[in-house]
Amino acid sequence: MDLDPPFYKAYKTLFDKTVDKANNINNNNKEEVLQQLVMVEECELPLINLGRLELGEKEREECMTEIARASQEWGFFQVVNHGISGELLQKMKNEQEMVFKQSFDKKRQEDKCLNFLSGTYRWGTPSATCLRQLAWSEAFHIPLNDTSATSASGLNYTLSSTMEQFATTISSLALKLAEILAEKLGHKSTFFQENCFPSTCYLRMNRYPPCPIPSEVFGLMPHTDSDFLTILHQDQVGGLQLIKDDEWIAVKPNPEALVINVGDLFQAWSNNVYKSVQHRVVTNLQVERFSTAYFLCPSYDTVIQSCREPSVYRKFSFGEYRRQVQEDVQKLGSKIGLPRFVV
């Protein structure tokens, strides 16, 4: 049973120049390849204990300030005591692994074999024009209001109930963090509660198979997220990297923490106070990697307007933003993003 997507077959023209290199990797020089990949310095993201939000006004204010500072200086941070139990996180990972262990043929017929909505399963990068734009990964990208759309028996029933639990708790966390970031800008705003719903937010279950040419192909190419906030639960394999002070750094996994990053919409809404920074996932020669991401998104007709003047960006709807991103990806092979909307 073949569970990996047929990357080589589907993207043969992109691989023609590198297949020989992949075939020549043997046990003697595997270590050399791995050494080249770990040249990026590993660091720990700012770690914030959200339990301090409940310890009195002084502790709460200090915690909120740390969240805002990390969002300004890093665009990324990690949180512990986040309200999502380790048991639920492990259960989510277990169920996710079971789904990805289905054959590729079953996964690509997600509506017939797995009872997900059609179009949920994604792999590779259809718009890739070169190898560096190809994502060596597969994913189920699921609207939150469809987390219960799986069948009422067996594997998919347990996955469905786990996803619902996960989505409910992580949605609450995302809204709490968004409101804190808004408050630190002087806006006690209900904007996020009024515009971000289960019907507009997404869960994405990711799997990054082992890659025989990790120096040539990304698991996920460098990009910024097009949402307000992303919350990531990752395993301990590692592979997430981000830009800090114009250098790529590798994020050291923390088994107790969730990773939070600012998306493009929050950068625009905050008038560039909070930063949506480029990040990527590198592939691994020997080990597969799993992660689950939650994306806090508004409805497509929601208008994004900077909360401070003079505004760096013109007003735009989320739908307009998404259409522009998709158009750029189709034409250029990569996203342009916020620079398209500068005043």
Side-chain angles (χ1 to χ4, degrees), residues 1 3 50-51 78-123 137-178 192-193 196-209 225 227-237 253-260 288-299:
M1 180 180 72
L3 63 90
L50 296 185
Q78 53 188 345
V79 295
V80 292
N81 289 327
H82 39 65
I84 303 166
S85 72
E87 181 183 5
L88 176 57
L89 292 174
Q90 186 59 50
K91 189 176 179 184
M92 182 72 209
K93 183 174 183 292
N94 293 343
E95 297 296 336
Q96 175 181 350
E97 288 183 14
M98 289 175 68
V99 171
F100 279 115
K101 294 301 182 186
Q102 304 295 304
S103 70
F104 172 69
D105 284 340
K106 277 191 176 182
K107 287 182 286 194
R108 68 175 179 170
Q109 298 180 63
E110 73 274 61
D111 54 335
K112 296 182 180 68
C113 297
L114 299 175
N115 289 310
F116 286 113
L117 292 180
S118 180
T120 297
Y121 179 64
R122 304 172 183 186
W123 63 278
S137 58
E138 56 179 339
F140 288 95
H141 193 79
I142 307 163
L144 288 199
N145 60 332
D146 291 320
T147 54
S148 58
T150 50
S151 70
S153 62
L155 167 70
N156 287 335
Y157 175 75
T158 54
L159 173 64
S160 174
S161 60
T162 302
M163 284 195 301
E164 284 192 90
Q165 279 182 277
F166 183 81
T168 299
T169 51
I170 214 158
S171 294
S172 176
L173 173 61
L175 287 172
K176 179 193 291 187
L177 292 171
F192 303 99
Q193 287 187 340
C196 302
F197 306 104
S199 60
T200 63
C201 299
Y202 295 86
L203 277 184
R204 185 179 177 98
M205 299 187 296
N206 302 298
R207 174 179 175 261
Y208 302 90
D225 290 348
D227 57 355
F228 281 115
L229 289 175
T230 303
I231 300 180
L232 180 76
H233 178 237
Q234 61 174 339
D235 63 19
Q236 299 309 295
V237 172
N254 181 330
E256 306 298 323
L258 295 173
V259 175
I260 318 292
E288 63 184 351
R289 176 180 183 264
F290 293 93
S291 68
T292 303
Y294 166 88
F295 300 98
L296 181 67
C297 300
S299 63

Open item on the list: To the closest 0.5 Å, what do you measure between CG (Leu177) and CG (Leu258)?
Closed with: 9.5 Å
TODO: Heavy atoms only: give me the nearest Leu114-Phe140 pair and the separation to one decimal.
DONE: CD1-CZ, 3.7 Å
TODO: Please report the shortest heavy-atom distance between Ala293 and Leu232, naming the atom on each side.
DONE: CB-CD1, 4.0 Å
Open item on the list: To the nearest 0.5 Å, what is the distance between NE2 on His141 and CG on Leu203?
Closed with: 9.5 Å
- [ ] Find out whether Lys91 and Phe166 are in side-chain contact, i.e. whether some heavy atom of one side chain is under 4.5 Å from a heavy atom of the other.
- [x] no
Task: For Glu138, side-chain hydrogen bond (donor to acceptor under 3.5 Å, both in side chains) partners two or more places apart - done: Lys107, Tyr121, Arg207
TODO: Can you see which heavy atom on Arg204 is nearest to which on Asn206, and at what distance?
DONE: NE-OD1, 3.1 Å
Open item on the list: For the backbone of Thr168 and the side chain of Ser171, can you confirm whether one donor and one acceptor N or O come within less than 3.5 Å of each other?
Closed with: no
Open item on the list: Just so I know, are the side chains of Thr200 and Ser299 near enough to count as touching, which here means a heavy-atom distance under 4.5 Å?
Closed with: yes
Task: Thr169 (side chain) donor-acceptor with Gln165 (main chain) under 3.5 angstrom - done: yes
Open item on the list: Do Leu159 and Phe116 make a side-chain contact, defined as non-hydrogen atoms from C-beta onward lying under 4.5 Å apart?
Closed with: yes
- [ ] Could you pull out the closest heavy-atom pair between Cys196 and Cys201, with the gap in Å?
- [x] CB-SG, 4.2 Å
Open item on the list: Holding to side-chain hydrogen bond (donor to acceptor under 3.5 Å, both in side chains), I want the full list of residues that pass it with Thr292, two or more places apart in sequence or in another chain.
Closed with: Gln96
Task: Shortest non-hydrogen contact from Asp235 toward Pro253 - done: O-CB, 3.8 Å
- [ ] Would you check if Phe104 and Leu3 make a side-chain contact, meaning some heavy-atom pair closer than 4.5 Å?
- [x] no
- [ ] Compare all side-chain heavy atoms of Tyr202 with those of Asp227 and state whether any distance is below 4.5 angstrom.
- [x] no
Open item on the list: So Met205 and Glu95, do their side chains get closer than 4.5 Å, heavy atoms only?
Closed with: no
Task: Lys/Arg-Asp/Glu bridge criterion (N-O < 4.0 Å) met for Glu97, Lys93 - done: yes
Open item on the list: Do Thr162 and Asn94 have side chains that approach each other closer than 4.5 Å (heavy atoms only, starting at C-beta)?
Closed with: no
- [ ] Calculate, to the nearest 0.5 Å, the distance between atoms CG and CD1 belonging to Leu229 and Ile170 respectively.
- [x] 11.0 Å
- [ ] Any chance you could measure Gln236, atom CD, to Arg289, atom CZ, to the nearest 0.5 Å?
- [x] 10.0 Å
Task: Side-chain heavy-atom pair His82, Leu89 within 4.5 angstrom cut-off - done: yes
TODO: List for me each residue that meets salt bridge (Lys or Arg N to Asp or Glu O under 4.0 Å) alongside Asp105, sequence neighbours excluded, and say none if there are none.
DONE: Arg108
Open item on the list: Please check this pair: side chain of Gln102 against backbone of Met98, looking for a donor-acceptor N/O pair closer than 3.5 Å.
Closed with: yes
- [ ] Enter the distance from Lys176:NZ to Leu50:CG here, rounded to the nearest 0.5 Å.
- [x] 6.5 Å
Task: Least distance between heavy atoms, Ala257 atom then Gln78 atom - done: CB-OE1, 3.7 Å
TODO: Could you tell me the separation between the NE2 atom of His233 and the OG atom of Ser291, rounded to the nearest 0.5 Å?
DONE: 9.5 Å
